[in-house]
Amino acid sequence: MMLSNNFLYIDPGTGSMLFSVFIGIAATLFFLLRAALLKIQLLFNGGKAKADSKRKKYVIYNEGKQYWNCFKPVLDAFENHKEEITYFTSHEEDPVFNSNYEFVKAEYIGEGNKAFARLNMLAADIVLMTTPGLDVYQMKRSKTVRHYAHLRHGSGDATMYRLFGIDYFDSVLLTGDYQKDDIRYLEKSRGIKEKELVSVGCTYLDELKKKIDAIPQEENHKFTVLVCPSWGPSAILSKYGEKLLDPLLASGWNIIVRPHPQSKKSEAPMLERLQEKYRDNENLSWDFERDNIYSLKKADIMISDFSSVIYDYTFLCDKPVMYVNASLDLRIYDASEVYNEDGTTKKIWQFSTLEKIGIELKESQFDDIKNIIQNASDSPELKASRKKAKEEAWFSIGNAGENVYNYMVNKEKEISSQEDK
């Protein structure tokens, strides 16, 4: 029996829905399997992960070295106030171990399932983390933790997490008020409990600002272009590669390429190929350092895509940025479920803002890129848009660590007073 082409046809809307359903089912099965493996691991370890015998007031969990700048201002505030805090880290060489804190009690708790097993049995009043997915994936709420707070680790939309990333925290500490409305929309549409939403500022940017301000100006500076992409098939380095880099190098300018950290893990062959091709080019350098501030400071203009580093550069350096192909499939992110009143998917803040603060660079312009960059005027309109975006996304500049400290201390007092009643 022959099937007609019409019978096999799936319209784009239905195809998109089926794709989302498939992704959801696959993700659920994957993390159910990981949770089962965690339980088996604990069983064979003789149940070594036991609940803490002593309750801790304040706990921070750092999942990796890239988040040190997020937590350092908070730890500094606790140290300055001589208030003890426990700092768990999954980075064995975490800078905290060389910081000479007296009131910060730091401990390496391993990575992955080993760390989650410890956290799942934690006894504490308040736990602060940047890690999303609480009670969704393998990190479960401990029955002996009273309050979980999520710290936003950069400017941008609070809905740019994988689905349900911050749904089950008790509070979310935001970089600005503009992040609140979309979270409230998701809470209402999903029928989940409202979280406490508090704008505290951006600890990450506060820390980077101190560091970048301390870097001396470069002597005999040569015009420098920073290529700073995200990662994945839609990112400019993996999508365009030589098509973008060849004409940039032909300009004679200094070119710095700073790949996304995930690229070294997920796109290593692509990076190795490009590094090998340009290894003898003195005008091109590769930046794989943990902190991006040295490249940001040197650059006169940035070329990126949909990476949030655009906002680091814009807010810290106040220089022009160009973007290529700023598109991203949102179906696996919370942002895909946020709608306008007319039922259309809402354009997220960081994309709509990019169109105001950035200059679009099309693939067809690559061959003439030197002239395009030279003629890219840093207009008063662009400067005004950068200023407005910074005011929206970076609340209480320089005070985020202190604001987080005050929130945690006041919240602990509130929790304790309620339990005493």
Side-chain angles (χ1 to χ4, degrees), residues 154-156 208 212 218 221-264 267 270-271 273-275 277-278 281-289 291-328 350-379 382-383 385-386 389:
S155 55
L208 289 190
I212 204 168
E218 188 179 24
H221 176 75
K222 185 177 179 181
F223 190 85
T224 300
V225 179
L226 173 60
V227 179
C228 208
S230 186
W231 68 280
S234 297
I236 54 174
L237 199 59
S238 55
K239 185 171 184 177
Y240 300 112
E242 296 93 337
K243 288 184 180 179
L244 175 63
L245 296 181
D246 282 349
L248 277 174
L249 288 168
S251 70
W253 296 326
N254 281 339
I255 309 300
I256 302 174
V257 181
R258 180 179 170 84
H260 191 282
Q262 187 64 32
S263 289
K264 292 190 74 173
E267 303 171 318
M270 177 270 293
L271 288 182
R273 176 177 59 80
L274 292 176
Q275 286 181 279
K277 176 173 180 176
Y278 298 112
N281 196 305
E282 295 180 356
N283 287 351
L284 187 147
S285 59
W286 296 84
D287 178 11
F288 293 101
E289 296 297 319
D291 284 343
N292 59 20
I293 52 174
Y294 302 100
S295 292
L296 297 186
K297 184 85 170 187
K298 288 180 180 180
D300 295 285
I301 192 168
M302 174 189 282
I303 299 177
S304 188
D305 38 47
F306 45 81
S307 174
S308 61
V309 74
I310 289 170
Y311 294 97
D312 294 356
Y313 183 67
T314 298
F315 298 160
L316 293 169
C317 303
D318 192 25
K319 296 176 184 177
V321 63
M322 305 186 83
Y323 64 93
V324 185
N325 189 34
S327 61
L328 180 67
Q350 60 199 65
F351 285 178
S352 60
T353 301
L354 180 57
E355 294 172 358
K356 300 171 186 175
I357 68 172
I359 304 163
E360 185 175 10
L361 176 65
K362 299 181 183 298
E363 183 181 1
S364 60
Q365 298 173 310
F366 286 0
D367 289 341
D368 194 34
I369 199 165
K370 184 173 183 177
N371 289 326
I372 297 296
I373 290 176
Q374 286 176 329
N375 294 324
S377 61
D378 192 13
S379 67
L382 283 175
K383 289 185 72 70
S385 294
R386 292 200 299 265

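All residue numbers refer to positions in the sequence shown, counting from 1.
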Asks: Give the intermediate values and the outcome of side chain to side chain contact (heavy atoms under 4.5 Å, CB included) for residues Ile255 and Val227.
Replies: CA-CA 7 Å; Ile255 309 300; Val227 179; 4.3 Å; yes

Asks: Using modelled atom types only, decide if a donor and an acceptor are shared between the side chain of Tyr240 and the backbone of Phe366 within a distance under 3.5 Å.
Replies: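 Not at all, since once roles are kept as given, no pair shorter than 3.5 Å links the two residues.
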
Asks: Does the separation of the ring centres of Phe306 and Phe351 fall below 6.0 angstrom?
Replies: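 Centroid separation for Phe306 and Phe351: 6.0 Å or greater.
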
Asks: Would you find a donor on one side and an acceptor on the other, under 3.5 Å apart, between the side chain of Lys356 and the backbone of Ser385?
Replies: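 Looks like no, no N/O pair under 3.5 Å.
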
Asks: Is there a side-chain contact between Ile359 and Leu382, using heavy atoms and a 4.5 Å cut-off?
Replies: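 Answer yes - side chains close enough.
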
Asks: Regarding Tyr278 and Asp246, do their side chains bring together a donor and an acceptor under 3.5 Å, going by distance alone?
Replies: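 Yes, Asp246 and Tyr278 have a side-chain donor paired with an acceptor closer than 3.5 Å.
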
Asks: What's the shortest heavy-atom distance between Asp305 and Ala235, and which atoms?
Replies: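 Closest heavy-atom pair between Asp305 and Ala235: OD2-CA, 3.4 Å.
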
Asks: Closest approach of Asp367 and Pro247, non-hydrogen atoms and distance?
Replies: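 Residues Asp367 and Pro247, closest heavy atoms: CA-CB, 4.4 Å.
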
Asks: Could you check whether any side-chain N or O of Tyr311 sits under 3.5 Å from a backbone N or O of Gln350, counting only pairs where one atom can act as donor and the other as acceptor?
Replies: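 Flag set: sc Tyr311 to bb Gln350 pair under 3.5 Å.
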
Asks: Has Ser238 got a side-chain atom pairing as donor or acceptor with Gly232's backbone, closer than 3.5 angstrom?
Replies: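 Here the side-chain-to-backbone pair exists.
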
Asks: Taking the side chain as every heavy atom from C-beta outward, state whether Tyr323 and Leu361 have any pair of such atoms under 4.5 Å apart.
Replies: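 Contact flag for Tyr323/Leu361 side chains = no.
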
Asks: Aromatic rings Phe223 and Trp253: how do their planes relate, parallel, tilted or perpendicular, breaks at 30° and 60°?
Replies: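 Geometry flag for Trp253 against Phe223: tilted rings.
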
Asks: Say whether, by atom type as modelled, one donor and one acceptor occur between the side chain of Arg386 and the main chain of Ile357 under 3.5 angstrom.
Replies: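 It does not hold such a pair.
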
Asks: Please check this pair: side chain of Asn283 against backbone of Leu249, looking for a donor-acceptor N/O pair closer than 3.5 Å.
Replies: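 Not a single qualifying donor-acceptor pair exists.
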
Asks: For the residue pair Trp286 and Phe288, does the interplanar ring angle fall in the parallel (under 30°), tilted (30 to 60°) or perpendicular (over 60°) class?
Replies: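 Parallel, since the angle between the ring planes stays under 30°.
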
